[in-house]
There are 2 protein chains.
Amino acid sequence: METMKEPGSVNHRIREGLSRIATVMRNEDWNRAKASGLNPTQLSILELLEGRGDGLTVKEIAANLGVSQPTATDSIAALERKELVTKNSDGADRRAVKVVMTPKGRSILAAKTGSSVGAAQDAVGALANAEQEELLVSLVKMIRHLQERDAIPIQRMCVSCRYFTPYAHSDAVRPHHCQFVDAAFGQRDLRIDCREHETADPTLRAATWNLFEKG
Amino acid sequence: METMKEPGSVNHRIREGLSRIATVMRNEDWNRAKASGLNPTQLSILELLEGRGDGLTVKEIAANLGVSQPTATDSIAALERKELVTKNSDGADRRAVKVVMTPKGRSILAAKTGSSVGAAQDAVGALANAEQEELLVSLVKMIRHLQERDAIPIQRMCVSCRYFTPYAHSDAVRPHHCQFVDAAFGQRDLRIDCREHETADPTLRAATWNLFEKG
DNA sequence: AAATATATATAGGACTCCTATTTATGCAAG
DNA sequence: CTTGCATAAATAGGAGTCCTATATATATTT
């Protein structure tokens with residue numbers, strides 16, 4: 001469309017759109033967090049720690065938050081002051097620490113979860129079911145692309161999980177199979193952050209992806 | 001999927017996915033901004049001001065950034081110190097100020113724009129063309145939903161523009177029409193932030209949306 | 001003219017976020 | 001086994017985001 005006045009590719013416009021929605025989500029995060037006496041960064045550390053009994057190292061937390069290591073140290077310190085996390089020494093490496101949630105941290109998280117749908121999720125709800133599914137799959141593809149390029153830490157998604165077998169069934173609604181729970185499930189149930197996730201080795205990951213993408 | 005261990009709706013998972021990608025984008029923004037001696041907030045104010053000769057009020061900037069008004073004042077002050085914006089008094093309302101870019105601000109923005117594709121846009125590029133189009137349309141729908149609920153300021157999108165006529169042509173590739181440039185264009189050219197945007201009145205907006213959604 | 005509403009600015013404080021550097025380990029090679 | 005490089009986290013120092021509450025100046029309404 002050279003006739004249009006503005007430059008820019010679809011990619012660029014999609015980025016713009018994502019960015020607008022991200023702004024709304026950041027706002028919602030503030031409100032969600034404030035209700036627990038936290039700020040969004042602190043809350044997302046808590047969420048990150050959820051269901052990871054062994055905890056995470058400072059470095060891992062920094063990578064997941066996409067901030068520098070000293071910044072992660074800062075925010076973890078803020079959570080320590082509030083007694084929502086503690087640091088255990090990592091048995092294997094005495095330089096490292098494992099940050100784990102305290103019971104108090106868990107209760108704060110439990111109180112918050114489940115409440116508050118928020119405008120952004122509401123906007124997703126305005127899409128037709130088929131569109132939601134397509135959107136979810138597109139996001140999975142994008143995140144997977146980022147993972148392969150080390151632009152994002154490995155996420156706990158089905159497509160990188162050793163328990164996942166795509167298109168194991170001929171059922172159009174529930175074609176996939178999760179060996180962990182030994183059950184069939186559909187595109188719209190693809191996990192972005194599954195507690196039971198276990199990263200498959202690169203060979204299996206590649207094979208799984210191949211199957212998944214072909215559909 | 002009650003058989004799966006984790007709770008959560010598609011909405012929730014989509015939100016998670018959006019949030020992961022937002023983290024990557026935030027990181028890229030840091031790098032883009034740093035290259036200009038700015039930080040992401042300052043850069044996005046500059047981008048917001050781009051192509052708005054009259055400038056924007058502090059309040060409008062705060063709304064667009066999704067932050068409180070004093071925070072906007074803070075960041076604008078930081079930009080003033082760097083002489084990238086100035087405040088003009090608004091002729092109509094002497095309480096208000098119009099923040100406008102200085103030539104120096106414009107040159108910084110010009111230097112930056114066009115460079116740097118970034119991992120997030122790259123990930124969008126990994127999607128098939130049809131998927132990109134669907135993704136863009138889904139984002140437009142979501143943003144429009146947020147606008148209607150005042151959860152986001154009016155964006156300069158085609159679908160809220162008085163120059164936009166959806167499905168004016170029978171051409172499957174370029175069904176839409178922009179009266180500003182008097183040209184046909186397609187779904188993948190839908191603008192998220194068009195300089196020429198002029199907000200249609202609510203009645204026209206509703207009618208336009210109706211046409212657009214029916215497809 | 002008084003009361004109310006609106007647009008910014010100010011004050012005060014917690015915290016994010018960075019880079020550069022230090023400290024304590026870990027690991028590898030001579 | 002010790003010298004030396006790599007890595008995990010902490011510290012130091014500093015700019016700036018971001019909030020709430022409040023003050024100030026102007027609009028607007030009654």
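Because only heavy atoms are used, hydrogens play no part in the values below, and waters and symmetry mates are left out as well, while side chains stay in. To find a chain, count down the sequence lines: A is the first, B the second, and so on, and within it residues start at 1.
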> Closer to the 5' end of DNA chain C via nearest nucleotide, is it A:Arg94 or A:Val67?
Replying inline: A:Val67

> Which whole-number value in Å describes the distance from B:Trp30 CH2 to C:dC18 C1'?
Replying inline: 6 Å

> Within the pair A:Asn39 and C:dT16, is there a side-chain N or O less than 4.0 Å away from OP1 or OP2?
Replying inline: yes

>> By the 4.0 Å heavy-atom rule, please label A:Ser68 as base, sugar-phosphate, or nothing.
In response: base

>> Given D:dT17, C:dA9, D:dC18, identify the nucleotide with an atom nearest to the side chain of B:Gln42.
In response: D:dT17

>> Pairing donors with acceptors under 3.5 angstrom, does anything connect the side chains of B:Thr165 and B:Gln179?
In response: yes

> So what does A:Asp93 touch, heavy atoms closer than 4.0 Å: a base, only the sugar-phosphate, or nothing?
Replying inline: sugar-phosphate

> Between C:dT8, D:dA10, C:dC15, which one does the side chain of B:Ala96 approach most closely?
Replying inline: C:dT8

> Which residue, A:Thr71 or B:Glu60, contacts DNA chain C at a nucleotide closer to its 5' end, judged by nearest heavy atom?
Replying inline: B:Glu60

> For C:dT8, does OP1 or OP2 lie under 4.0 Å from any side-chain N or O of B:Thr57?
Replying inline: yes

> Can you find a donor-acceptor N/O pair under 3.5 angstrom joining the side chain of A:Gln69 to the base of D:dA10?
Replying inline: yes

> Are B:Phe212 and B:His176 near enough that their ring centres are under 6.0 Å apart?
Replying inline: yes

> Side-chain N or O of B:Lys87 less than 4.0 angstrom from OP1 or OP2 on C:dA9?
Replying inline: yes

>> Tell me the interatomic distance from A:Ile45, atom CD1, to C:dC15, atom C1', rounded to whole angstroms.
In response: 12 Å

> The side chain of A:Lys82 lies closest to which of these nucleotides: D:dA10, C:dT10, C:dC15?
Replying inline: C:dC15

>> Salt bridge check, B:Arg15 against A:Asp29: does any charged N sit closer than 4.0 Å to a carboxylate O?
In response: yes

>> So, OP1 or OP2 of D:dA10: does either fall under 4.0 Å of a side-chain N or O from A:Thr73?
In response: yes

> Just how far, in rounded Å, is P of D:dG16 from CG of B:Leu65?
Replying inline: 16 Å

>> Test side-chain contact (heavy atoms from CB on, under 4.5 Å) on B:Ile192 and B:Leu136; report intermediate values, then the result.
In response: CA-CA 9 Å; B:Ile192 296 290; B:Leu136 180 59; 4.1 Å; yes

>> Expressed as a whole number of angstroms, how long is the span from A:Leu79:CG to C:dA14:P?
In response: 16 Å

>> So, does A:Lys34 get its side chain near the phosphate of D:dT20, meaning an N or O under 4.0 Å from OP1 or OP2?
In response: yes

> Between D:dG16 atom C1' and B:Ile76 atom CD1, what is the distance in whole Å?
Replying inline: 14 Å

> Within this structure, what is the CZ-to-P distance between B:Arg26 and C:dT16, rounded to whole angstrom?
Replying inline: 12 Å

> When you match A:Asn27 and A:Leu56 each to their closest nucleotide on DNA chain D, which lands nearer the 5' end?
Replying inline: A:Leu56

> Between atom CG in A:Asn88 and atom P in D:dA9, what is the gap in whole Å?
Replying inline: 13 Å

> Please walk me through it: do A:Tyr163 and A:Glu198 pass side chain to side chain donor-acceptor pair (under 3.5 Å)?
Replying inline: CA-CA 7 Å; A:Tyr163 294 124; A:Glu198 285 181 32; 3.0 Å; yes

>> Surrounding NZ of B:Lys82 (heavy atoms of other residues, nucleotides or ligands, distance under 6.0 Å), is the total greater than 12?
In response: yes

> Can you find a side chain N or O atom of A:Thr41 that sits less than 4.0 Å from OP1 or OP2 on C:dC15?
Replying inline: no

> Which part of the nucleic acid, if any, lies within reach of B:Lys98 when heavy atoms closer than 4.0 Å are counted: base, sugar-phosphate only, or nothing?
Replying inline: nothing

> Is there a donor and acceptor pair, one atom on the side chain of A:Arg95 and one on the base of D:dT7, closer than 3.5 Å?
Replying inline: yes

> What integer distance in Å separates B:Glu80:CD from D:dA15:C1'?
Replying inline: 17 Å

>> Quick check: any donor-acceptor pair below 3.5 Å linking the side-chain of A:Asp74 to the base of C:dC15?
In response: no

